[in-house]
2 protein chains.
Amino acid sequence: MRSSVLKRRATLQDVAKAAGVGPMTVSRTINGHPYVAEETAKKVREAIRRLDYRPNHAARMLTGKLSRSIGLIVPDISDTFFSVVSHAVQDTARANDYLVWLAASDEDPLIEAAQVEMMTHHPVDGILLVPSDSRNAYLKTIVTGSTPIVTIDRPMEVATSDSVQVENRSGARMAVEHLLQHGHRKIACVAANSHLLTIKERIAGYKESMRRAKVPYLKELNLSNQLSAKAALSKLFAGRSRPDALFTANNASTIWVIEALRDLGIQMGTDVALVGFDDVDFFTLITPSVTAVRQPASELGNVSVRQLLQRINGEFKTSSVRTVLPVTLTIRESCGCKPKNKTAE
Amino acid sequence: MRSSVLKRRATLQDVAKAAGVGPMTVSRTINGHPYVAEETAKKVREAIRRLDYRPNHAARMLTGKLSRSIGLIVPDISDTFFSVVSHAVQDTARANDYLVWLAASDEDPLIEAAQVEMMTHHPVDGILLVPSDSRNAYLKTIVTGSTPIVTIDRPMEVATSDSVQVENRSGARMAVEHLLQHGHRKIACVAANSHLLTIKERIAGYKESMRRAKVPYLKELNLSNQLSAKAALSKLFAGRSRPDALFTANNASTIWVIEALRDLGIQMGTDVALVGFDDVDFFTLITPSVTAVRQPASELGNVSVRQLLQRINGEFKTSSVRTVLPVTLTIRESCGCKPKNKTAE
DNA sequence: CTGAAAGCGCTTACAG
DNA sequence: CTGAAAGCGCTTACAG
């Protein structure tokens, strides 16, 4: 049994003794304070190296220091969109020497509130949140707390807080207008989770475009799962107002619709055009490849971290800052456009 | 300016004073110690509620308590496979009242080592790690440290530690044998990241199956990106040993191969059969749908957390426990099997 | 430029 | 069953 394994970790006191100085000198050296004689600092650094000393984070925090950690709460880490956001968050947090606590709410406000609670009291310096229900009352209490919060993707409806989101409405309009340009007039809107403000905005964008084009819009379809998607589409296409194009308002609905169309034997791109909101990498692998509104998922993550850190460091004078990021339309084939030239060999 | 915002958080002392008892009694009540008169406990709980008291985590840890947090380090959070693992880890950690630090190494051992360092000294009670390089020397030092570590997916090669992984070799054999049963003999193996032990095992499984079937195996292809994939495949299919089937050893190679085949005008499923290792949800959306070896990604996450917590709680007497999870073959169309019946309406 | 004192909020022995 | 003392490892004033 190696005794070294059981050896107690060196403390700041140990370093002070080893270097023959007072504890404060060690503390100052570590924290890069001015007023430490270079010669003394050298001795201290040498002792730190020799003892393999690392500051105890818990002790530091007890004396009121920042934890240099932030919390991130998303509905589902394995979701394509949120996993990209999470990766970006972690990435720019690391660039700022911040660690991130990751939690999933499973779209359950109770779990979410509990996670916020755990994080708040851990404590973290700030929280990045994708609210599962932006109208839940508990949000009101957390924004008045002492932990800064910035929402990602879904701004709160019951309170005002820092937020970073995407141009949902104009993104939807880009999609619908592209379909209109193709000459389509019977454009149906299909969504999932249409209770979310984000999705409502996209639906509003759809209606806005239709209205401007002086085309009557169809009642939008809200899908709750893959099975219901098939039934709903089957009914929609059998009815008298059979659409010639579809705007799917989020990636879940896009995927469900693609599967349903395939099962129903309706050819996407020829029988019916389709443009989705939220682009996913594998859309290029589907035949025909899927045209979609691309959200800057990584940027959403990066920007929100920066905004939170600025808030933590008190760099804002304003009560709340809202950032809205632009989206772009990635044109592929499902809208009816010609396939791109394959790169020649 | 609301004064309540600035109000100092209640401490254990405040609660003691408010309840008219000593601090120890409050501490005991919180921690559920026996020997606290029910009447006293009631007073304490009431004071806690009234003052909205929450124990200070930092102070607790300073006195040697567990942090009730674990670290998770994966190469890439946005990767389909790792995002599912991460979600599962977070899920079962929460079920045990544990918080998880999430970090991405970007397959860089330097970043990874730095993250381990940060986590170790934060501290966390244990670390879940997907090593970017299972032979890196730094791994030796961390296994002898005081923080328990269990590897996920990729066991260490330079040291012995707890690990949770998947049956790579036999999984590859299932895939290749399925192809052999289809009558294919010229089966090529295509991989990415073939320096990883995990991938080597899959390649070994491929060779093993070929050897047993007394069929010569082709030299395996190692792809490093999408572009090289197309060039390599083009060459492979132009050569005299043009394969009639492909075994792709991980999801990156599967996707690159599918794109390359499409660009080269080679029909998957008819011109060449394909079975991949690592199943991804959207494989059902590709035409033809992709047959693949499915890894129990969620279970990998769940099991590894449980194993780590057991290690943290000292429930193991053994020096290291290795868990190997089985995989299954999900048969779809790219292998040459008939499409499943669409579910009738 | 440097150090001794006091305290952050809790818990572990030790006494009642 | 309950409490006063001491200490966990740091840092913030306060003195030199």
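The chains referred to below are lettered A, B, ... by the order of the sequence lines, with proteins before strands, and numbering in each begins at 1.
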A/Glu315 CD: over 12 foreign heavy atoms closer than 6.0 Å: yes
B/Asn31 CG to D/dC1 P, straight-line distance once rounded to whole Å: 17 Å
Polar pair under 3.5 Å, donor/acceptor by atom type, side chain B/Arg28, base D/dG3: yes
Side-chain ion pair, B/Glu38 and B/Arg45, N-O less than 4.0 Å: yes
Protein-nucleotide distance (A/Asp14, atom CG; D/dC10, atom P), rounded to Å: 9 Å
Value in whole Å for how far the P atom of D/dG16 lies from CE of A/Met24: 17 Å
N-O pairing of B/Lys42 and B/Glu39 below 4.0 Å: no
Spacing of B/Glu39 atom CD relative to D/dC1 atom P, expressed in whole Å: 12 Å
Short side-chain N/O contact from B/Arg60 to OP1 or OP2 of C/dT11, under 4.0 Å: yes
Nucleotide C/dG9, atom P - distance to CG of A/Asn56 in whole Å: 16 Å
Sugar-phosphate, base or nothing in reach of B/Pro55, heavy atoms under 4.0 Å: sugar-phosphate
Close side-chain approach of A/Leu66 and A/Tyr98, heavy atoms under 4.5 Å: yes
Integer-rounded Å distance: C/dG9 P and B/Leu62 CG: 12 Å
A/Tyr53 or B/Thr25, whichever maps to the more 5' nucleotide of DNA chain D: B/Thr25
Euclidean distance, atom CD of residue A/Glu38 to atom P of C/dT2 [Å, nearest integer]: 10 Å
N-O pairing of A/Asp14 and A/Lys17 below 4.0 Å: no
B/Ser27 side-chain N/O to C/dC10 phosphate OP1/OP2 under 4.0 Å: no
Selection from D/dG9, D/dT2, C/dG9 that lies nearest to any side-chain heavy atom of B/Thr40: D/dT2
Pair assignment for C/dC1, Watson-Crick or G-U wobble, requiring both distances under 3.5 Å: D/dG16
Atom pair distance, as rounded to whole Å: CD in B/Gln13 and C1' in C/dG7: 12 Å
